[in-house]
Each structure stands twice: as structure tokens, then as C-alpha cells.
Amino acid sequence: MKRNIVLITLDSVRADHCSFMGYHRETTPTLDKMARKGLVFENAIAAGVGTPASMMGAFTGLFAPLTDEVNPKIWRLEFDRRKTLAQVLSKLGYSTGAVVPNTFASSYFGFNNGFQYFQDFLGGRTKFYERIFEKVFRKNSKTAFFIRNLINFVLRREVFTPWEKYYEEITDWVEKTKEPFFLWILLMDTHFPYLAPRKFRKWSSFLSMYRSNWKLQSVNFENRLTERERQKLIDAYDDSIRYADEFVKRLIKDLKDYDPIYIIHSDHGEGFGEHGFYMHGFIRNKAVCLYEELIHIPLIIYNADIMGRIEEPASLLGLSPTILEIIDKNNEFPSKSFLRSDNEWVMVRAVENGRIKIAIRMKNWKFITGQKDVDELYNLKSDPQEQENVISEYRKLANEIRRIVEIHAKQEMKERIHEKLATIIKNLKGVLE
């Protein structure tokens, strides 16, 4: 019998704030137990910076397009060109469902491709909200952004939606659907603003939680918090992770009879001023960055009869082929499974104002190009916070890594040319016919 699969994406959770990854606070008691009985990837790396880029890579096995436009049309067209995990599993006889309160991973951006049931909470909007919504994503209006957030805060929607509000919708779908099923849930509780309910606040209080969130927004998400203010914000963040962990605990209990395989991960991390930015690094026109706090993510596979800890780097691009391998199906994606990848490095890409930035992440080393005026090289074993650029001391190593980047760039250009030729030929056929 085919195994049921549950994929849980914890938005904005960085690896070094999870207790099973060595964090000094017990933020993830449930995940800690799963880690002891499952498979943990100690160097899991996001497929991109930001939810759309990371999750498109996870569901298609290919990097997201190199664009810094938040244009849903671009993303929908790209999804239409690709094969997705949900599409493949549907063809294999799976019922596919998703509950996703993140607009950037919604049907508006094409993430519903292949899902038979897709709840993104975008339905039932008023015409006024529709206009505000369009201005936010098409015109980047700050006024519309404020109004949208105010409406969502009052109604507890989108980024302000706590998992308890839609939990029964998840379990109802499972009870009504046919097995086997593939269920994807993206939790927004760990995304800014960090607002954990009272019974889950271990390190923050009602006052400190709201004040720290307000303070960061009042300085326009710039690196202008005092050390005390920064710590209060981290306290609220850690409590929000603990709240999300409670969701996992409850779901495992309620889905016990279905015996699903669980894959739990984050789409990307979060900055707290380590390199001069907060949140994702590109909020409010701040620079896109590829430092560890943004790309090093937690990743656990649980209840799949595989255990241990893998130290080799694993890109989230391998998520879809890994799931196919676990259920004994052939890989239909261009990337390799986490379980079969023999790579000593993985790549992360980003773009800012047309400038391409690339990081090559190895087990103990990290190379970044395009991010600053000079290339960067960090020894993560001795300098996990990436504070000392040692590229001048290891020029030979840096040159070897640059060759990897050059080969990738050539391959990318070749693929773009083939895509353009294919489009031209397709258009010519239309004209000739």
C-alpha cells in the first residue's frame, strides 16, 4: 500500500534556532523527538531566498527564474512550463491537498498546479480588498501595503493567521479524502510579526512581544535596534517557533491512524542584524543576501524507516525526487534525491536589480560572489557567523569554486538560448499554419 505523505513548511525558521540543531533554548521539543527517530540533515540549504523562489525549487527540482520582480504572472507562467511534485503524485494515484496562508505560495503565484484541493484563503475577498491586493503586488504601493496588513491583522488573515484557526480544515480534508494522500501545510506563525499565544510564550510577554514587533517596523526594518530590543525580538521569534512545534505535535497525534511519512523543513531563514538586516534581507528594498541565517534551514524526514544525521550539504531542490524515492517511484525531476546526492556542495542563487548573486555551500566552507564588490569565502567551522572573509588566504580554493560558478553560468545561458529558440519556433509554426 502506498504511504501517505505530509509536508510541513515552517516559514522563516533558521536552522540554528531549532533545539535539535543545537540551539541553547528548547524551541522544538516535538521536532527534537522526531529528529532522534528520523533522518536529520545538518546542512540543509534553501533553494532560493524568499518563499516563491525556495518553494518553486522544492516542487520542481529546478531553480526559480532569476528575476527580482514580484510579478505573479511571471511565476504562474513558469509553473505552467514545469512539472510539479503535486502533478506527479496525482498521476501516481495520490489525493493532493494543500493549506497555505502565505500569499507568496498561493494560487495567485501558481503554486496550486497539481493540487486537487488548495486552500490559500484568498477567496471571498471584497472588491475593495482586491484593488488593494493588486496595488501591493503590481505597483508596490506602501499605502496599500499598510491597509492590507491592517485589514489582515483585524481579520487574522494571511500572515496573521494562526494555525489553530484552520486546523480543523486540515483534519477534515484528511478524513474526507481517499488514501493515499499528499498534504502540504505552510505555517505562517514563525513569520514576522512573531505573535505566539499566551500559553506558548516562554521567553516573551504580551507587552515585550508586541513592542518588539512594533519597534522593528517603526525603524523600517533597518538595523537600528538596541541589543536589548534585538533580544526581545528574538524572544518573540523563539516563542513563535515553539508555537509552530505544537502544531506538529497535535497533527502527529490526530493523524496517527493514517501513519504518514513526515517531511518538515523551512523555506528560508531569518535575519536578526548579524549582517545588517532583519527578516529576509530584501524587505523594504534592503539588499538580497546569501548568508547562513537566510539559507541554512532545518530539515527532518520522520516515520520513513530511515534514521541518522547527514552532514553533507543538501539543497531543497532535492525535495521532490526524495519523496519519490521514499515511496519507491522513479525520479521524474532534474535534481537528485537527498538520499542519493553525492555532491560535496550545493548552490543558492538570488538576483537584485539585475545583479546575480551566487553562493556555493560546502560542509565547512562557503563562497559568495556578486554580493559585494569582492568575492567572499568563509570557513564555517571556525567562523559560523561569517564575519571574517578569508578569500585572500585561500585563493586556490576560491579559484576552484569560481570554476563551478562559471560552468553553471554557461549552462544557464545555454538553457536560456534553447528556451528562446523553442519559443521562436513555436511562434513561427503558429504564423505558418
Side-chain angles (χ1 to χ4, degrees), residues 5-42 44 46 51 54 99-102 105 156 159-171 174 183-206 208-209 212-213 233-256 258 260-270 272 293 296-304 307 309 316:
I5 305 164
V6 175
L7 174 67
I8 301 175
T9 304
L10 307 175
D11 202 300
S12 310
V13 174
R14 47 194 281 175
D16 62 356
H17 275 248
C18 298
S19 40
F20 72 90
M21 292 293 288
Y23 192 44
H24 66 279
R25 286 175 166 173
E26 190 186 38
T27 52
T28 53
T30 303
L31 298 187
D32 295 351
K33 295 176 183 177
M34 299 171 77
R36 288 192 289 270
K37 296 180 180 179
L39 185 63
V40 177
F41 295 84
E42 295 188 355
T51 302
S54 180
V99 179
V100 184
N102 185 330
R156 303 291 277 173
V159 71
F160 300 99
T161 310
W163 62 258
E164 289 169 286
K165 186 176 180 180
Y166 54 82
Y167 184 84
E168 288 186 6
E169 193 161 345
I170 294 171
T171 54
V174 171
L183 171 63
W184 175 39
I185 307 154
L186 192 157
L187 299 187
M188 291 297 286
D189 305 273
T190 46
H191 188 286
F192 180 88
Y194 319 119
L195 302 173
R198 182 175 63 180
K199 63 181 178 180
F200 297 102
R201 291 183 212 130
K202 187 174 182 179
W203 301 286
S204 64
S205 64
F206 176 86
S208 68
M209 178 183 72
S212 61
N213 281 285
L233 190 69
I234 291 173
D235 291 343
Y237 176 69
D238 288 346
D239 278 337
S240 74
I241 295 175
R242 194 174 179 86
Y243 178 48
D245 183 87
E246 181 67 19
F247 167 85
V248 180
K249 178 182 178 180
R250 183 171 168 183
L251 193 70
I252 289 175
K253 180 182 177 181
D254 290 344
L255 300 190
K256 183 179 180 181
Y258 298 93
I261 294 166
Y262 290 90
I263 300 97
I264 302 177
H265 74 103
S266 178
D267 52 351
H268 55 76
E270 195 84 324
F272 287 100
E293 57 264 33
H296 188 194
I297 59 173
L299 175 61
I300 299 174
I301 298 176
Y302 174 72
N303 199 32
M307 298 174 61
R309 298 184 80 98
L316 206 57

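These figures come from a predicted structure and were not determined experimentally. The residues of the chain are indexed from 1 along the displayed sequence.
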Output all residues satisfying salt bridge (Lys or Arg N to Asp or Glu O under 4.0 Å) with D238, sequence neighbours left out; order by chain, then residue number.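 Only R25 meet the salt bridge (Lys or Arg N to Asp or Glu O under 4.0 Å) criterion with D238.
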
With sequence neighbours left out, what residues match E42 under salt bridge (Lys or Arg N to Asp or Glu O under 4.0 Å)?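 Partners of E42 under the salt bridge (Lys or Arg N to Asp or Glu O under 4.0 Å) test: R309.
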
Are [X] and [Y] side-chain neighbours, meaning at least one heavy-atom pair lies under 4.5 Å?
X	Y	answer
I297	L316	yes
I300	L31	yes
I264	V248	yes
I170	I185	yes
P298	F41	no
L183	L7	no
F200	D245	no
V6	I263	no

By side chain to side chain donor-acceptor pair (under 3.5 Å), which residues pair with [X], not counting sequence neighbours?
X	result
Y302	none
T171	none
S212	none
R14	D16, E274

Nearest-0.5 Å distance, [atom1] of residue [X] to [atom2] of residue [Y]:
X	Y	atom1	atom2	value
R36	F20	CZ	CZ	11.5 Å
M21	L299	CE	CG	9.0 Å
H265	I301	NE2	CD1	11.0 Å
R242	K249	CZ	NZ	9.0 Å

Tell me every residue that passes side-chain contact (heavy atoms from CB on, under 4.5 Å) with [X], counting only those two or more places apart in sequence or in another chain.
X	answer
A105	T51, V100, N102, F111, W184, L186
S19	E26, T27, T28, D32
T190	L10, D11, V13, S240, I241, A244

Would the distance check show the side chain of [X] and the main-chain N or O of [Y] forming a donor-acceptor pair, the cut-off being under 3.5 Å?
X	Y	value
S266	G269	no
D267	S12	yes
D239	A196	no

Minimal non-hydrogen separation, [X] against [Y], with atom names:
X	Y	answer
L195	M209	CA-SD, 3.6 Å
P260	L255	CD-O, 3.4 Å
A35	V40	CB-CG2, 3.4 Å

Contacts of type ring-ring contact (aromatic ring centres under 6.0 Å, His included), residue [X], not counting sequence neighbours:
X	answer
Y237	H17, Y194, F272
F247	W163, Y167
H268	H280

Evaluation steps, side-chain contact (heavy atoms from CB on, under 4.5 Å), between F192 and E270: CA-CA 9 Å; F192 180 88; E270 195 84 324; 4.2 Å; yes

In this structure, which one of E164, K199, K202, R201 forms a side-chain hydrogen bond (donor to acceptor under 3.5 Å, both in side chains) with Y243?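 Of all the options given, the one that passes is E164.
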
